[in-house]
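Beneath this line is the structure, given in structure tokens, with notes to follow.
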Amino acid sequence: MHANRIWIPPDHPRAKSLYTREMLVDGYRRGLVTAEGLIAHGRGEAYDYLIGERTTKTAQRAIKAAAAMLLLSKRPVISVNGNTAVLCPRTVAELAKVTEAAIEVNLFYRTEERERAIKAELETHGADNVLGVGSRASATIPELQSERRRVDPEGIYRADTVFVPLEDGDRTEALVEMGKTVITIDLNPLSRTAKAAHITIVDNIVRAMPAIVEAAREIKGGRSLKKIVGGFDNKKNLRESLKIIKGGI
Ligand code: PTJ
């Protein structure tokens, strides 16, 4: 496999993991990912190792519930940060299309230069009408101090459901406080985001995103969407994820 810089032998036992790292390092060099984003990925990797670097049955249930929730929502928005833009730009664009969701750039380490670069990256991979960049982010999430508080009045601010992969706990809690349904992907089932969200997918974003797109395509138009969401219990799912992690030790 080729990334920007080095060649990773495809039969290397850790090829996928190494390739994902290279994507992030390349994204860092291109100004999309922050140095802190690389560290955040390292934490995620540690949890991924413990769950066996696979999409568990527990994660599959959350993936299906997330797809159903997005399809049921009237104004769903996918919030994109640097890591997400680099690791899965195409599936973000595909998910937005299949669920009729808007895409909004929302950064913790916010600079307008990064916002524009991330928007361009998403557009290169098929996204259109990317919200939240520059002066568009003119609304404010109450009670939130970080740069994540600035959101697009046409996007996250008026959304009924916000999908926030790889998120920090503060904004997740603030979005829940605003009455929004929050979906996240977080390999750490103990994080504040994982606990505060309504649907938490404990899986690596590189596996979870294509799986959500597939699930959405499969169940779209079906009559069981409400049943899928109604039958999902996030607390139970987090407990099961933790059990899987402990069981591997
Ligand atoms: O691009 P920006 O400026 O918005 O910054 C993005 C980061 C990710 C740096 C920022 O949001 C941040 O600092 O996030 P945290 O608070 O470190 O939370 C990230 C969470 O995502 C942690 O719980 C990680 O375990 C988890 N995580 C990291 N990489 C992955 C992951 N979960 C799933 N898949 C991953 N690949």
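Just so you know, ligand 1 is whichever comes first in the structure, and atom 1 is the first atom listed for that ligand. Computed from a predicted structure; not experimentally measured.
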Under-4.0 Å heavy-atom contact with ligand 1, by part of Arg148 that carries it: side chain

Same apolar cluster: Ile201 and Leu72, side chain cutoff 4.5 Å: yes

Closest to atom 1 (O) of ligand 1 (judged by heavy-atom distance), picking from Glu45, Arg114, Arg43: Arg114

Joint cluster assignment, Ile103 & Leu95, ILVMFWY side-chain distance < 4.5 Å: yes

Asn106 and Arg171: side chain donor to acceptor below 3.5 Å: yes

Where ligand 1 meets Glu167 - atom numbers and elements under 4.0 angstrom, heavy-atom basis: 18 (O)

Per-atom contacts of ligand 1 with His41, taking only distances under 4.0 Å to non-hydrogen atoms: 28 (C), 29 (N), 36 (N)

Exceeds 12 heavy-atom contacts within 6.0 angstrom, atom CD of Glu53: yes

Nitrogen or oxygen atoms of Gly82 and ligand 1 under 3.5 Å apart: yes

Contact check: Asp168 vs ligand 1, nitrogen or oxygen atoms, below 3.5 angstrom: no

Atom indices of ligand 1 within 4.0 angstrom of Asp203 heavy atoms, with elements: 33 (C), 34 (N)

Side chains of Ser191 and Asp186, donor plus acceptor under 3.5 Å: yes

Residue and atom name of the nearest protein heavy atom (relative to atom 36 (N) of ligand 1), distance in Å to one decimal: Asn204 OD1, 3.0 Å

Asp168/Arg148 ion pair, N-O < 4.0 Å: yes

Closest protein heavy atom (residue, atom, distance) for atom 6 (C) of ligand 1: Asn81 ND2, 3.7 Å

CD (Glu143) with more than 12 external heavy atoms under 6.0 Å: no

N/O separation below 3.5 Å, Phe108 to ligand 1: yes

With a cut-off of 3.5 Å and sequence neighbours excluded, list every side-chain donor-acceptor pair involving residues 84-93.
unit_1 : atom_1 : unit_2 : atom_2 : d
Thr84  : OG1    : Asn81  : OD1    : 2.9
Thr91  : OG1    : Cys88  : O      : 3.3

Main-chain N/O of Val133 paired with Lys119 side-chain donor or acceptor, under 3.5 Å: no

Proximity winner for atom 24 (C) of ligand 1, if only heavy atoms of Leu187, Asp186, Asn83 are counted: Asp186

Element-labelled atoms of ligand 1 that are located less than 4.0 Å from some non-hydrogen atom of Asn188: 23 (O), 25 (O)

Atoms of ligand 1, numbered as shown, that sit under 4.0 Å from any heavy atom of Gly37: 9 (C)

Residue Ala40 vicinity, atoms of ligand 1 by number, heavy atom under 4.0 Å: 8 (C), 17 (O), 24 (C), 28 (C), 29 (N)

Side chain to side chain contact (heavy atoms under 4.5 Å, CB included) partners for Thr181, two or more places apart: Met69, Thr161, His198

Protein residue, atom and distance nearest to atom 5 (O) of ligand 1, heavy-atom basis: Tyr109 CD1, 3.7 Å

4.0 Å protein heavy-atom contact status of atom 12 (C) of ligand 1, strictly under: no

Test of proximity, Ser191 against ligand 1: N or O pairs below 3.5 Å: no

